[in-house]
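One structure below.
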There are 2 protein chains.
Amino acid sequence: MPTPERTTLEEIVAAARDLLDDGGPAHVTMQAVAQRVGVRAPSLYKRVRDREALLTLVSTRTALDLGASLAEAGDDLEALARAYRRFAHEQPEGFRLILGGPGDPEVIARVSAPVLRAAGAVVGEDRALDAARLLTAWVTGFATMELLGAFRLGGNVDDAFEWGLGRIVSSLEPQETAPIRHSGR
Amino acid sequence: MPTPERTTLEEIVAAARDLLDDGGPAHVTMQAVAQRVGVRAPSLYKRVRDREALLTLVSTRTALDLGASLAEAGDDLEALARAYRRFAHEQPEGFRLILGGPGDPEVIARVSAPVLRAAGAVVGEDRALDAARLLTAWVTGFATMELLGAFRLGGNVDDAFEWGLGRIVSSLEPQETAPIRHSGR
DNA sequence: ACCTGAACACCGTTCAAGT
DNA sequence: ACCTGAACACCGTTCAAGT
């Protein structure tokens, strides 16, 4: 005889995200998640294979949220970079989780799309990938090091971000015909 | 009556690093570490406060190794960037661990020193910090995204690295008098 | 002074039994 | 068809007892 469903996958993932936000991955226990959605831990295994799969779901949803934030930010490279950094500040644990595990190629493609489009508009289609990678790598590293606390010594970090952003973007703009250096490997 | 010491802190940290390297943080259990150094788990608590403290030690040692690799790499910005990336490839788990937790300011200062010195030689003392941050953020992000698998689609990744490196470094060199863009916040 | 077995609390996961 | 208590394996940590 059927029993009414007392929770949903959506609720479970949301609960896991909340727990992650305040306490990091260690705080995301199956029991804590279960309690939050009003169920016992074993019941979670009806919707989720195991804890690792749940964390992967959290990572994917968080990455898609990042993608949505970027899509909202417009098609200006600087606006995209600022939105990316803002996301890292607002959801540091989620940001770290995304960067930690291996990423789902499809999700990566979706998140990258806005940056790729904006980059294409500036440098042309065939350099778009290189340009997008340059900017994305820089913002990713900047936010990571900020979260790490590596920028504590000296100067205003917001200014450092804007300075670096200006450097990166202007190095991409076409009127700058800097010689392309080929250095040996 | 004294008992001979059957292990050392150094041995314990080395064992934890080995376990981290093949299996990630989840593989670093107190029991596994203990077994590797030939002792029972409770004995570890004579040298280490708890598991978290042990992982912090591993992070610190790994970061100092990275610093040593950089110091060996010379005082060329491009050589430093390549050495940094090589380290991330050789010890991906250690690299992720360093980037994960909060960093010890003293360790960060030590690891940054070679990049700061090389940057100062190129752009002068007063821009050295900005330049070092620009390069470090980019390499950190590049390596992180590589480990994530975010660079799987399209093109040779080594070439992308060299291309980006050339862009970054040449954007720093003094003969390039690109206008500094100030964008609003 | 260090090492150990035993014990405790907690966690992930399985499963038979309930409805 | 979903939910649960009970159970199991495993983990981090403490501590009294050994040498």
Side-chain angles (χ1 to χ4, degrees), chain A residues 1-62 93-94 96-98 100-102, chain B residues 1-62 93-94 96-98 100-102:
Chain A
M1 204 162 289
T3 293
E5 316 193 349
R6 264 189 266 267
T7 185
T8 65
L9 179 60
E10 230 45 55
E11 251 189 338
I12 290 169
V13 175
R17 283 186 74 167
D18 287 348
L19 287 163
L20 178 74
D21 279 344
D22 55 61
H27 218 249
V28 185
T29 68
M30 297 303 267
Q31 328 222 14
V33 171
Q35 190 181 3
R36 260 186 188 243
V37 301
V39 108
R40 300 291 183 166
S43 298
L44 299 178
Y45 294 84
K46 281 282 149 178
R47 335 254 174 198
V48 152
R49 187 155 35 98
D50 54 18
R51 180 174 178 272
E52 193 185 329
L54 175 55
L55 285 175
T56 299
L57 280 172
V58 170
S59 173
T60 299
R61 308 293 165 113
T62 309
E93 292 295 345
R96 271 195 269 246
L97 182 67
I98 294 174
Chain B
M1 207 163 288
T3 293
E5 316 192 350
R6 263 187 265 268
T7 185
T8 65
L9 178 60
E10 230 45 54
E11 251 189 340
I12 290 169
V13 174
R17 285 186 72 168
D18 287 349
L19 287 163
L20 178 73
D21 280 345
D22 55 61
H27 218 249
V28 186
T29 67
M30 297 303 268
Q31 327 222 15
V33 171
Q35 190 180 3
R36 261 188 187 242
V37 302
V39 108
R40 301 291 184 166
S43 298
L44 299 178
Y45 294 83
K46 281 282 151 177
R47 335 253 174 200
V48 153
R49 187 154 36 100
D50 54 20
R51 182 174 177 272
E52 194 186 327
L54 175 55
L55 284 175
T56 298
L57 279 173
V58 170
S59 173
T60 299
R61 307 294 163 110
T62 308
E93 292 294 346
R96 271 195 268 248
L97 182 68
I98 294 174

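Here is the naming used below: chain letters follow the sequence lines, and residue numbers restart at 1 for every chain.
One can place CD of B:Gln31 at 13 Å from C1' of C:dG5, the figure rounded to the nearest angstrom. Taking atom OH on A:Tyr45 and atom P on C:dT14, their separation rounds to 7 Å, with Å as the unit. Between A:Gln35 atom CD and D:dG5 atom P the separation is 13 Å, expressed in whole Å. Between B:Leu54 atom CG and D:dC11 atom P there is a gap of 15 Å when expressed in whole angstrom units. In this structure, A:Glu52 places its CD atom 14 Å from C1' of C:dT13, rounding to the nearest Å. As a whole-Å value, the separation of A:Leu44 CG from D:dC2 P is 14 Å.
The side chain of B:Arg47 contributes an N or O atom lying less than 4.0 Å from OP1 or OP2 of C:dC3. B:Arg51 has a side-chain polar atom (N or O) that falls below the 4.0 Å cut-off from OP1 or OP2 of D:dG12. Side-chain N/O atoms of B:Arg40 include none lying less than 4.0 angstrom from OP1 or OP2 on D:dG18. Of the side-chain N and O atoms in B:Arg6, none sit less than 4.0 angstrom from OP1 or OP2 of C:dC2.
For the side-chain contact (heavy atoms from CB on, under 4.5 Å) with B:His27, the lone residue among B:Asp18, B:Leu20, B:Leu19, B:Asp21 that qualifies is B:Leu19.
Separating the CZ atom in B:Arg61 from the CD atom in B:Glu10 is a distance of 4.5 Å, to the nearest 0.5 Å. The distance from atom CG of A:Leu55 to atom CG of A:Leu97, rounded to the nearest 0.5 Å, is 6.0 Å. Within the model, atoms CD of B:Glu93 and CG of B:Asp22 stand 9.5 Å from one another, a figure rounded to the nearest 0.5 Å.
A donor-acceptor distance shorter than 3.5 angstrom exists from the side chain of A:Thr60 to the backbone of A:Thr56, with no hydrogens or angles considered. Judged by distance alone, with hydrogens and angles left aside, the side-chain atoms of A:Arg17 form no donor-acceptor pair with the main-chain N or O of A:Gly94 at under 3.5 Å.
Side chain of A:Glu5, nearest nucleotide from C:dC11, D:dC2, C:dC2: D:dC2. Residue B:Val39 has its side chain nearest to C:dT4 when only D:dC3, C:dC2, C:dT4 are considered. Among the nucleotides D:dC2, C:dT14, D:dG12, the one closest to any side-chain atom of A:Pro42 is C:dT14. Which of C:dG18, C:dG5, D:dT4 sits closest to the side chain of A:Ser43 comes down to D:dT4. Picking from D:dT13, C:dT13, C:dC2 the nucleotide with the shortest atom distance to the side chain of B:Asp50 gives D:dT13.
Between B:Met30 and B:Pro42, the closest side-chain pair of non-hydrogen atoms is not below 4.5 Å. The side-chain heavy atoms of B:Arg51 and B:Val33, taken from C-beta on, include no pair separated by under 4.5 Å. Between B:Leu57 and B:Leu9 there is a side-chain heavy-atom pair separated by less than 4.5 Å.
Of all the residues in residues 7-29 of chain B, B:Val28, B:Thr29 reach under 4.0 Å from DNA chain D with at least one non-hydrogen atom.
One finds no salt bridge joining B:Glu11 and B:Arg47 here, because no Lys/Arg side-chain nitrogen approaches an Asp/Glu carboxylate oxygen to under 4.0 Å.
Looking at DNA chain C, the stems built from 3 or more consecutive Watson-Crick or G-U wobble pairs, each pair with its key distances under 3.5 Å, are C:4-8 with D:12-16, C:12-16 with D:4-8.
Nearer to the 5' terminus of DNA chain C, by closest-nucleotide assignment, is the contact made by B:Lys46 (compared with the other of B:Lys46 and A:Ala41).
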